[in-house]
Each structure stands twice: as C-alpha cells, then as structure tokens.
Amino acid sequence: MSFDDYGQLLFERRDHGVLLITINNPEKYNATDEQLHGELARVWREVDADPEVRVAVVTGAGRAFSAGGDLAMVERMAGDHARVSHMLKEASELVYNIIDCEKPIVSAINGVAVGAGVVVALLADVAIAAEDAKLGDGHVKLGVSAGDHAAIIWPLLAGMAKARYYLLTGEMVTGAEAEKLGMVAKALPREQVLDEALRVAEVLATGSQQAIRLTKKSLNNWLRSMGPTFDQSVAYEMLCFLGSDVHEGVAALREKRAPVWPSAR
C-alpha cells in the first residue's frame with residue numbers, strides 16, 4: 001500500500017513493520033488546517049489495512065507535535081454550517097479511526113500538542129512525551145466547548161477532578177506533569193523521545209501480533225463505552241462554532257489580548 005497522496009504527513013517504513021509518520025508543517029508548528037485534519041482522520045484506516053505495517057509511530061517535525069487548529073481554518077468554519085457539518089463528521093472519524101485501528105499506535109510527543117494534535121497524542125496506545133512538551137485542550141479559550149477527544153479520554157487518564165480543571169480552564173499540562181497524572185506512559189528529555197518511541201514500537205512489532213492486537217481491542221472497549229458521551233461533546237463543540245463567542249475568541253488570539261465574550265457581557 002502506498003501513502004503517496006498525503007501532503008502534510010511523511011512516511012518512513014522501518015524494520016519489522018514499523019511505520020514512522022511525521023506531521024510535517026514545521027514552519028507553522030504543524031498546526032492543523034483542513035488538509036492536515038483530513039489526513040490525520042483517514043490515515044489510521046490505511047495503517048490498519050496495510051499488511052506490511054505492524055505498528056505506527058507518530059511524531060512532529062521540528063519542535064512541535066502539532067500546535068492546534070490553524071486560526072484561518074477556524075475563521076472559515078465560524079458560522080458556516082456546511083463546513084461545521086463536515087468537521088463534525090471528520091472529527092468523529094479521527095477519534096474512532098484511532099480507536100478502531102487494530103495496529104498499535106505509539107506517539108512521540110516531541111513538543112506542544114493541542115487540538116487535533118493532542119487527540120492523536122493521547123489516544124495513541126502508548127504515549128511518550130518530552131518532559132517540557134505542553135499538552136492541552138484550549139477549546140474554551142477559543143469560545144467553543146471541549147469536543148474532539150476530551151470527554152472520551154481525559155477523565156479516564158487523569159481522573160474527573162483534573163479533567164474538569166484542565167478542560168474548563170484551558171490550561172496546559174507539561175509532559176512531566178502528564179506522566180505524574182497518568183496521561184502518558186513516559187516523560188523523557190526531548191532528545192530521547194523518538195528513540196524511545198521507536199524502541200517500544202519494535203517491541204510491539206516483534207511480539208505476538210494477535211495477542212497484542214486483541215489486547216488493544218479489549219482495552220479500547222473502555223473508550224467505546226464512552227462513545228455516546230463523545231458524540232454529544234463533539235456535537236456541542238460544533239454548535240459553538242455557529243455562535244458569537246468563537247469570533248471574539250479568534251479576534252482576541254490574533255490581537256494578543258484578553259477576550260470579551262459576548263456570552264459573558
């Protein structure tokens with residue numbers, strides 16, 4: 001199977017069926033625009049279908065894993081029912097395609113991970129983070145509710161108290177803090193992250209494939225059981241894109257000022 005039709009993902013086939021996937025738009029810190037969001041949503045189906053792939057490792061080019069949604073994309077979505085409807089479908093596919101991929105996925109979180117980036121980072125079966133990486137779901141700071149992946153995974157990984165705190169405030173958590181909370185498997189110095197992710201991938205790729213894949217499938221039933229909650233959360237997120245707060249959120253970010261939310265006046 002070929003991965004030649006991807007524009008913002010790079011692919012490197014390594015020994016033992018390990019596929020290294022690199023999010024590749026370093027000039028914009030791998031921020032997610034429409035093209036990258038679509039590629040991140042569909043790539044896991046193709047990883048799952050590729051008979052030569054046993055394990056996927058995903059990382060970011062440069063110093064970021066993926067620095068959230070591109071503001072221009074957010075502006076195009078705001079108030080546009082057709083775009084929002086498309087994103088509702090695609091955001092759901094991103095989460096479920098990762099969960100349903102039989103092959104193990106290892107994330108090498110080499111820097112900031114926000115938006116669709118943190119979806120991939122935290123839904124990976126094994127997450128290895130740089131100690132100084134920053135992870136977060138900043139939806140509320142944009143004026144939309146936490147959707148994407150938050151309701152399906154943050155309470156399970158961090159516990160409800162911490163999930164509520166970080167998702168309601170939009171604050172970031174470092175890789176070192178994420179390890180203490182149980183959100184990632186390991187936190188290491190940045191220069192060691194990819195090497196460790198590839199080491200773990202080789203262990204998985206040379207192990208009993210049926211045993212590993214069925215273990216993943218069983219564990220991910222915890223996430224599947226939260227499907228209705230996730231479906232509702234992503235619908236609420238998209239509803240907010242049709243409101244007025246998101247316009248102020250984008251403007252405040254562009255102007256580097258505190259937002260004055262229409263809903264809070």
Side-chain angles (χ1 to χ4, degrees), residues 1-14 17-78 80 82-101 103-124 127 133 135 138-139 142 147-149 193-194 197-198 201 234 237-238 241 250 253-254:
M1 181 176 290
S2 172
F3 293 94
D4 294 339
D5 60 340
Y6 286 81
Q8 294 192 41
L9 297 178
L10 297 179
F11 299 88
E12 179 186 348
R13 294 186 185 270
R14 301 174 71 98
V18 173
L19 179 69
L20 176 60
I21 304 171
T22 303
I23 305 170
N24 187 42
N25 191 3
E27 296 80 10
K28 293 188 175 182
Y29 299 98
N30 304 319
T32 310
D33 58 13
E34 289 92 341
Q35 179 183 9
L36 179 56
H37 196 275
E39 292 182 0
L40 286 174
R42 70 182 171 93
V43 68
W44 311 111
R45 291 197 305 268
E46 300 195 10
V47 165
D48 191 53
D50 191 323
E52 297 180 17
V53 176
R54 296 181 183 176
V55 182
V57 176
V58 57
T59 193
R63 293 188 58 80
F65 186 82
S66 180
D70 180 77
L71 280 181
M73 179 185 73
V74 175
E75 287 175 321
R76 288 189 288 270
M77 285 179 59
D80 188 321
R83 287 181 182 272
V84 169
S85 296
H86 173 77
M87 189 59 68
L88 172 61
K89 179 177 183 293
E90 200 168 79
S92 298
E93 289 174 346
L94 172 56
V95 168
Y96 285 124
N97 286 347
I98 293 174
I99 292 172
D100 292 337
C101 178
K103 319 291 180 60
I105 300 166
V106 180
S107 59
I109 310 166
N110 57 305
V112 63
V114 186
V118 81
V119 177
V120 176
L122 293 184
L123 283 175
L135 296 80
H139 280 87
L142 186 62
D148 283 0
H149 71 308
V193 168
L194 182 56
L198 290 169
V234 74
E237 176 193 358
M238 297 306 154
F241 274 104
V250 171
L253 285 172
R254 285 205 179 279

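Atom set for the values below is all heavy atoms of this structure, side chains included, hydrogens, waters and symmetry mates excluded.
- Within a 6.0 Å radius of OH in Tyr29, other residues, nucleotides and ligands contribute 12 heavy atoms or fewer.
- With contacts defined as side-chain heavy-atom distances shorter than 4.5 Å, the pair Trp44/Val58 qualifies.
- Taking CE of Met77 as the reference point, atom OG of Ser85 lies at 9.5 Å (rounded to 0.5 Å).
- Residues Val120 and Leu94 form a side-chain contact, since some pair of their non-hydrogen atoms from C-beta on lies under 4.5 Å apart.
- By the 4.5 Å heavy-atom criterion applied to side chains, Met73 and Arg83 are not counted as neighbours.
- Separating the CD atom in Glu46 from the CG atom in Asn97 is a distance of 10.0 Å, to the nearest 0.5 Å.
- Put simply, the side chain of Ser107 gets close to the backbone of Ala121: a donor and an acceptor are under 3.5 Å apart.
- Here the side chain of Glu237 pairs a donor or acceptor atom with the backbone of Asp148 at under 3.5 angstrom.
- Formation of a donor-acceptor pair under 3.5 Å by the Asn110 side chain with backbone atoms of Gly60 is found in this model.
- Side chain of Glu12 to main chain of Leu19: no donor-acceptor pair is present (N/O by atom type, distance under 3.5 Å, no hydrogens or angles).
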query = Could you walk me through whether Ile23 and Thr59 pass the side chain to side chain contact (heavy atoms under 4.5 Å, CB included) check?
reply = CA-CA 6 Å; Ile23 305 170; Thr59 193; over 6 Å; no
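- With hydrogens and angles disregarded, a donor-acceptor distance shorter than 3.5 Å links the side chain of Lys103 to the backbone of Val47.
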Tyr6/Val43 under side chain to side chain contact (heavy atoms under 4.5 Å, CB included): CA gap, chis, key distance, verdict
CA-CA 9 Å; Tyr6 286 81; Val43 68; 3.7 Å; yes
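- Considering only heavy atoms from C-beta on, Val250 comes within 4.5 Å of Leu142 through its side chain.
- Between Arg254 and Glu75 there is a salt bridge, since at least one side-chain N of the basic residue sits less than 4.0 Å from a carboxylate O of the acidic one.
- Contact annotation: the side chain of Phe241 approaches that of Val74 to within less than 4.5 Å [non-hydrogen atoms, C-beta and beyond].
- Listed by chain and number, the residues in a salt bridge (charged side-chain N to carboxylate O under 4.0 Å, His left out) with Asp5 are Arg42 (sequence neighbours excluded).
- Put simply, the side chain of Asp70 does not reach to within 4.5 Å of the side chain of Thr32, judged on heavy atoms.
- Here the shortest heavy-atom pairing between Ala67 and Val114 reads C-CB, 4.1 Å.
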- Message: Between Val193 and Ile109, is the side chain to side chain contact (heavy atoms under 4.5 Å, CB included) condition met? List the steps.
- Response: CA-CA 7 Å; Val193 168; Ile109 310 166; 5.6 Å; no
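- Side-chain contact check for Leu10 versus Ile21: every heavy-atom pair is 4.5 Å or farther apart.
- Applying the salt bridge (charged side-chain N to carboxylate O under 4.0 Å, His left out) test to Asp50 and every residue at least two apart in sequence or in another chain returns Arg13.
- Rounded to the nearest 0.5 Å, atoms CZ (Arg76) and CD (Glu34) are 4.0 Å apart.
- Taking all atoms of both residues into account, the shortest heavy-atom contact from Val118 to His149 is CG1-CE1, 3.4 Å.
- Every residue meeting the side chain to side chain contact (heavy atoms under 4.5 Å, CB included) condition with Asn25, not counting sequence neighbours, appears here in chain and number order: Gln8, Glu27, Lys28, Asn30.
- Residues Leu36 and Leu40 have side chains in contact (heavy-atom distance under 4.5 Å, counting atoms from C-beta outward).
- For Asn24 and Thr22, the side-chain atoms include no donor-acceptor pair closer than 3.5 Å.
- Classification of the Phe3-Phe11 ring pair by plane angle, with boundaries at 30° and 60°, yields parallel.
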